[in-house]
Every structure is written in structure tokens, then in C-alpha cells.
Visitor: 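Take a look at the following structure, please.
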Amino acid sequence: MVPEPADQASIGKGLIFKGAVTGSGSIFIDGEMVGTIDLPGSRVTVGPNGYVSDGLSICINARDIVVMGRIRGNIYAADLVEIRAEGSLTGNVSARRISIADGAYFKGDINLRSAPPSAVSDRSEMATEVYA
């Protein structure tokens, strides 16, 4: 399900957000986000100018994650991670499906799951080391 524009929040270019985002709506990030995003039933899109980081912990937990900008940190998707040609991800991925386009940058480990996640404890088993 693709969210309607009214159901999607955004952090625009030039904005810096520090903290945690939780809830049930989708978000588009084209600015800088330092912290965690926990939207397990929704989509997180990091736009071409977007940058998301949270060091060594899981910085994004969502149903689908689309990367057009940069992410530094581990991500957990209930379904799909899509790293587009202009996207960059340094961190570990845990997802059911992953798509990495030609020209995209990815450095980390991938944990593909064949079944939906059973509990939050599944995320804690994901490696927490990020290589620079």
C-alpha cells in the first residue's frame, strides 16, 4: 500500500532533526535525521538529499525502506529494502527482500528472512557492528 500524500510526513532539505520518530505513518526524509525511526507498518524513504544516522544501533525499523540518499546505521525492514542507484547504505540490513541498483553503494551484512519477523527479539540478533 502506497501512502497518500496526507499520510506521509517529511523532513525537508535543510532541516536537521535529532531524536526518535515513532508512529504509524510513512515519512520522507530529504534533510538530516540523527536518531531512530520506528515505523514498523510504514514506509521510510530517504530522499536524494537525505542523511540518516544513529551510530551502531538500529536506526530504522519499518515495513519498507527506500534509500536514495545516505544511511549510516543498521536497518530492519519487515518486507523490502530498496537501495537506488544514487543511494548509499553503510550498515547491516535485515529484511525479507532487498534490491540494490547498479551504481548504489552498500557496505555491511545482509540477513534475508523467509518468514515475517516473530518478535522484536529478532532485531536484537542482528549484528551491531558497522564498518566505516
Visitor: Following the transitive rule for hydrophobic clusters with a side-chain heavy-atom cut-off under 4.5 Å over Ile, Leu, Val, Met, Phe, Trp and Tyr, establish whether Phe28 and Ile75 coincide in one cluster.
Guide: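 In one cluster: no.
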Visitor: Look only at the side chain of Asn92 and the backbone of Asp109, and say whether a donor-acceptor pair between them is shorter than 3.5 Å.
Guide: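 Side chain of Asn92 to backbone of Asp109: a pair is present.
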Visitor: Just by distance, do the side chain of Arg96 and the backbone of Asp79 share a donor-acceptor pair under 3.5 Å?
Guide: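 Not confirmed, Arg96 side chain does not pair with Asp79 backbone.
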Visitor: List for me each residue that meets side-chain contact (heavy atoms from CB on, under 4.5 Å) alongside Arg84, sequence neighbours excluded, and say none if there are none.
Guide: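 Partners of Arg84 under the side-chain contact (heavy atoms from CB on, under 4.5 Å) test: Val66, Met68, Glu82, Glu86.
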Visitor: What is the distance from atom CD1 of Ile11 to atom CD1 of Ile37, rounded to the nearest 0.5 Å?
Guide: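 It comes to 6.5 Å.
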Visitor: Which Ile, Leu, Val, Met, Phe, Trp or Tyr residues join Leu80 in one cluster when any pair of side-chain heavy atoms under 4.5 Å counts as a link?
Guide: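 In the cluster with Leu80 there is nothing else; it is isolated.
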Visitor: Are the side chain of Asp38 and the backbone N or O of Thr22 linked by a donor-acceptor pair below 3.5 Å?
Guide: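 No, Asp38 side chain to Thr22 backbone: no donor-acceptor pair under 3.5 Å.
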Visitor: Establish, yes or no, whether the cationic atom of Arg113 lies under 6.0 Å from the six-membered ring centre of Tyr76 and within 45° of the ring axis.
Guide: yes
Visitor: Do Tyr51 and Leu15 share a hydrophobic cluster, counting only Ile, Leu, Val, Met, Phe, Trp and Tyr and linking them when any side-chain heavy atoms are less than 4.5 Å apart?
Guide: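 No, Tyr51 does not connect to Leu15 through the hydrophobic network.
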Visitor: Report the distance from atom CD1 of Ile60 to atom CG of Leu89, rounding to the nearest 0.5 Å.
Guide: 8.5 Å
Visitor: Using the side-chain contact (heavy atoms from CB on, under 4.5 Å) criterion, which residues pair with Ser42? Sequence neighbours excluded.
Guide: Ser26, Leu39
Visitor: Would a hydrophobic clustering, with Ile, Leu, Val, Met, Phe, Trp and Tyr connected at side-chain separations under 4.5 Å, put Ile71 with Val34?
Guide: no
